[in-house]
A.B. asks: 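Starting off with a structure, shown below.
Note that the structure is a prediction, hence the values are computed from the model and not measured.
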Amino acid sequence: MERSIEEKWRDRWAESHIFEPVIDVGRKKFFVTVPWPYTNGSLHVGHGRTYTLGDIVARYKRLTGYNVLFPMGFHESGTPILAFSERLRNGDKDTIKLYRNYLSEYEKPEDIDRILESFREPQNIADYFSRVIIKDFMDLGYSIDWSRKFTSADPFYQEVVKWQFNQLNEKGLIKKGSYPILYSIKDENAVGEDDIKDGDTDKVSIEEFTGVLFRGEKYYLMAASLRPETIFGVTNLWLNPSATYGLIRYRGMDIVMSDSGCKKFSMQHEGVQYKGDVPSEDIIASEFQVPLSNEKIGVLTASFVDPDNGTGIVYSVPGHSIFDYIYYEKNSIKNKIRKVVKVDSNISVKFLVEKYDLVNNDGKLKEATQELYKEEFYNGTLINSGEYSGMSVEEGREAIRKEMQEKHLAFIFYETSRKAVTRSGSEVTVAVLNDQWFIDYSPEWLKEKAHNLVNSMKFYPELYRKLMNDAVDWLKERPCARRRGIGTKLPFDERWVIESLSDSTIYMLAYTNKKELENLYSHLQRIPYDILDYILLGKQVPENYDEFTMSNALKAKDEFNYWYGNDLRITAPPHISNHLAFFIMNHSAIFRGKELPGGLMISGLVISNGAKISKSKGNVISLLEIIKHYSADIYRLFMAAGADISSLLDWNEKDLSSVMKRYSYFTDILDGYSPGNDGDNYIYTWFKSSFYRNLKTYIADMESMNIRDSYIAIFYNVMNDLKNVENHGGSINTALNPVLPDWLKALSPIIPFAAEEYWHRHVDNNSFVSAQTIDINIDGKIDYNVLKSENYLDRVISDIREILKIIHIDAKRATITVYGDKQKKFLEDYPGGNLDREYRTMIGDYMKNKNRIAPEMLDEYSIIENNKGYLESILKINVDIVKTDIIQKKNPWPGRPLIEIS
RNA sequence: GCGGAGAUUGCCGAGCUAGGACAAAGGCGAUGGAUUCAGGGUCCAUUUCCGUAGGGAUUCGUGGGUUCAAAUCCCACUCUCCGCACCA
């Protein structure tokens, strides 16, 4: 569709408010949600899949008679918007470039500077992009009820979040305690995935090292290790001579580690005192004692030791570390190498170093290291390790760590799994917070409720049910508050702001009664818990409020009761272990019965031109660009029909062009269409029956959310049928005449703009196809006999073609002999066994062909007779038709006419 | 190592939960043809092998099994992907 036509319907839908449903107790409701977008930028081709699926479902449900609520809001919680704004204020070049880029798509060049300037205020970023996203969504034809829009920063909503946390607290799910968390020392704040640069694509986790203490004359050295079980194989310590080392005092011990290690350690343990630098020469000159074995070892310098990772001191186990071994080889270090782990296979450090020639070529270093660790961890046994000898590596690791910790020979040292910085550029480390607030998702009763919920919900596709149950089991404590960021203050400790995923777990409920809650808030400047208990939990009516409050509360309660129960939530796989798990847990904790979520649809990843969508690949295509270059309908068609919901969808030019080809075939047909009379000959009857059979498939597939299959039926198959009509010499116009209204209705969920335009042009200029319902009782409209006839005809054609292919004669004529009365009588009598004598000669022929004989007997003579012209034109051969009246040596059978080419 | 998904005809990708017209949908590519077509558009046909009659043979990761019948069910194995775990 041309842009102007799409714009026309976009505006007319909005003006007519057809997507803003009201309570209708006589109709079943359907409440579908998709995650609210985060408003720090515009959306791209990948984001659009989830929203498009949401709209297709919403439109389909509307079409089948449901009162559909499909709302949208915006997420503003957390630190990214603040951080970007701050970076813009600080003149950060990359950020400015990024936002210029966003803006250049939407704004005139002369306006960009002004708008960019306004972004120095964080709220303006959120406001600007929510406007942009609304426009994109409207341009894409989403049937969203915008009248219920709100954001996570709206004061009325924050009252709901406070209520939610109060509920969790009353159920004993809010805890306070110490916990290792990702932390930014500079920002003095815990950081989550959303705060970390590239945190969504490259996850950062917390690793628990064992900080092993090596006793020296003057102080201890702490080396952090993930493999404490190799302690008996230590032959020396490594230290980076160009790094700065510091001394701390902890539990009465003087301990040396790198400066950055000192900082981290002091964030992780109480009572650490920093006492100043220690020159590395001083360390190197000393000897140190290995814990447990009490052996003395020396310190060697090594440039590979990273002072910013761990403690900046590493103990060397050349017998079990490829890295150490190679360093020994290259530098001709003569220390005796010790083996402390035995495996059955021949995999060893030496073996792998030789296998991959690692001394000269370190390309495979990482791979070899992995191979070694896997082998030793799962199949290894400790040897030469004192009392631990004989233990498996898995047991021994725990036992050794435990003993060292109990004897204060080691302390826990947390480190990040990779080097990471926050979006504002400050370093991410691990800190142990002592007054961190958590939501405790671990109680048994909660897990059980959550499992029950998961098991009762619908999953599309089904395989995610298992993953969801696993996610429920994995969840433990979740830190739920931060020191800064946009969001709701924790009601029982206002120094904290509720974390951005935790404030969005039950938010969908506020769509149901947003207007009333907002009224309540502006009237009272708060929404008391007892009012929300009344609205959301159906508790006793509080008596002591004024009439305005009570009437709004009552209305809010009615809206909630009618709509709530999020029948379907559509998101993407990365949400399973966080957002969706919290969504399930929080609902399980607070709600019951019909208020619990009804279903989850999880759509697969979208990639662009064969690669993961990312700025560095340059394959980010914004939704606006799509609307401009292609059209909303094409995009929607691609999203719906391009791949099954669960599979990966690749946005690429090649597939796109084939979709566009089909779409323009469709618009050509409908542009050329004019209403006429229904045709009543064979091919029109066939088309109509075939259409309704396709419609039936469409409905069945839509009901089970097989969106792709349903559109293959109603879009592709119907158009192929139209081609078949033409091949039969029929007219598309006439064929379409009786089914056009139903066809446009069925297509409206996926290509609403075209459907709306043609509905107005060809069906009814005074109503919206987007507001129609479709009659789903269509069995009576399908004439199965005519479908079988066409099927038979196809079979005859392919039989003739097959013969033509293998006989190399110049074929002029095909004589088709169909079964007659004799064959019919045989087939009727044979099963009973009372055959007349003359028929007995047919038994042999029958047995040979019985697997190919059609079960029903069609009037094959008439079928061929009526379609003689069609057969002749398509096969380019003359056709004669004979109905046999004799018993032949080789008989024609139902579905198996005799064909003779001459 | 654990958990999950998967292995289909040149490629992509259905089908496999309810085994039977499956040589296996659809798309792409390729080949041939049509269209007053001049080379990328559209349409039609073909695209495992053999065959001068609609047939036959061999196929759905490998090897077994169940069955009158298996791409579809069962067992074992190999490999791939994802999550977890693991790593100086």
Side-chain angles (χ1 to χ4, degrees), chain A residues 203 205 207 209 223-227 230 237-238 302 304-306 309-310 313-318 320-327 365-379 393-394 397 415 417 461-467 469-471 473-474 573-574 576-577 604-605 610 641-644 646-648 650 652 654-655 657-659 661-662 664-665 668 706 708-709 712-713 716-717 720 723 726-727 791 795-809 811 814 816 848-849 851-855 873-876 890 895-902:
Chain A
K203 287 208 194 320
S205 55
E207 296 196 321
F209 283 70
S225 171
L226 284 160
R227 295 189 72 190
T230 59
L237 290 157
W238 300 118
F304 68 76
V305 173
D306 179 356
N309 195 358
I313 293 168
V314 177
Y315 66 67
S316 166
V317 188
H320 298 282
S321 157
I322 293 175
F323 211 111
D324 294 337
Y325 180 84
I326 293 172
Y327 205 79
L365 184 62
K366 232 184 142 176
E367 198 181 316
T369 300
Q370 293 264 1
E371 200 175 329
L372 179 73
Y373 293 150
K374 264 190 185 165
E375 181 65 16
E376 291 191 345
F377 183 70
Y378 294 112
N379 303 320
V393 168
E394 215 169 343
R397 176 178 299 176
E415 186 54 281
S417 58
E462 179 62 34
L463 73 98
Y464 287 108
R465 186 189 305 279
K466 170 100 176 76
L467 294 182
N469 269 322
D470 287 349
D473 286 331
W474 292 333
I576 292 171
S577 59
L605 200 71
D644 203 63
S646 61
S647 2
L648 184 123
D650 184 12
N652 66 84
K654 203 178 84 180
D655 291 348
S657 73
S658 83
V659 168
K661 215 152 68 180
R662 283 310 199 132
S664 71
Y665 180 75
D668 285 351
N706 290 325
R708 177 171 179 263
D709 291 342
I712 286 172
Y716 293 87
N717 290 356
N720 284 340
K723 282 182 187 167
E726 282 190 306
N727 290 340
N791 200 26
R795 171 76 208 227
V796 170
I797 290 167
S798 68
D799 275 355
I800 294 176
R801 279 199 171 123
E802 196 160 342
I803 298 168
L804 289 174
K805 202 172 67 184
I806 49 178
I807 58 167
H808 302 128
I809 61 169
I816 302 169
K848 228 184 284 170
N849 289 293
N851 290 332
R852 290 184 249 275
I853 295 172
S873 76
I874 203 161
L875 293 166
K876 299 183 177 59
K890 204 176 161 193
R896 301 284 300 165
L898 294 180
I899 296 163
E900 197 174 343
I901 308 288
S902 54

A.B. asks: Between A/Lys890 and A/Phe304, which residue's closest nucleotide on RNA chain B lies nearer the 5′ terminus?
C.D. replies: A/Lys890
A.B. asks: Does the structure show a Watson-Crick or G-U wobble partner for B/G83, both distances under 3.5 Å? Name it, or say none.
C.D. replies: B/C2
A.B. asks: Name all residues meeting the salt bridge (charged side-chain N to carboxylate O under 4.0 Å, His left out) criterion together with A/Asp668; count only those two or more places apart in sequence or in a different chain, and write none if there are none.
C.D. replies: none
A.B. asks: Suppose you measure atom P in B/U67 against the same atom in B/C77; what distance do you get, rounded to whole Å?
C.D. replies: 23 Å
A.B. asks: Between B/C74 and B/G83, how far apart are the C1' atoms? Round to whole Å, please.
C.D. replies: 28 Å
A.B. asks: Provide a list of protein-nucleic acid N or O atom pairs under 3.5 angstrom, restricted to nucleotides 4-13 of chain B.
C.D. replies:
none

A.B. asks: Using a heavy-atom cut-off of under 4.0 Å over every strand shown, decide if A/Pro461 touches base, sugar-phosphate, or nothing.
C.D. replies: nothing
A.B. asks: Of the nucleotides B/A53, B/C28, B/A88, which has the atom closest to the A/Asn309 side chain?
C.D. replies: B/A88
A.B. asks: In terms of side-chain heavy atoms of A/Ser658, which of B/G54, B/G27, B/A88 is nearest?
C.D. replies: B/G27
A.B. asks: Please report the distance separating the C1' of B/U31 from the corresponding atom of B/C81, rounded so that it comes out in whole Å.
C.D. replies: 35 Å
A.B. asks: Using a 4.0 Å heavy-atom cut-off across all strands, classify A/Glu726 as base, sugar-phosphate, or nothing.
C.D. replies: nothing
A.B. asks: Please state the C1' separation for the pair B/C50 and B/U59 - nearest whole angstrom.
C.D. replies: 15 Å
A.B. asks: I'd like a list of close polar pairs between nucleotides 43-47 of chain B and the protein, N/O only, cut-off under 3.5 Å.
C.D. replies:
unit_1, atom_1, unit_2, atom_2, d
B/C43, OP1, A/Lys723, NZ, 2.9

A.B. asks: Do A/Asn717 and A/Ile712 come within less than 4.5 Å of each other through their side chains, counting heavy atoms only?
C.D. replies: yes
A.B. asks: Could you give the distance separating B/U42 and B/U52 at their P atoms, to the nearest angstrom?
C.D. replies: 36 Å
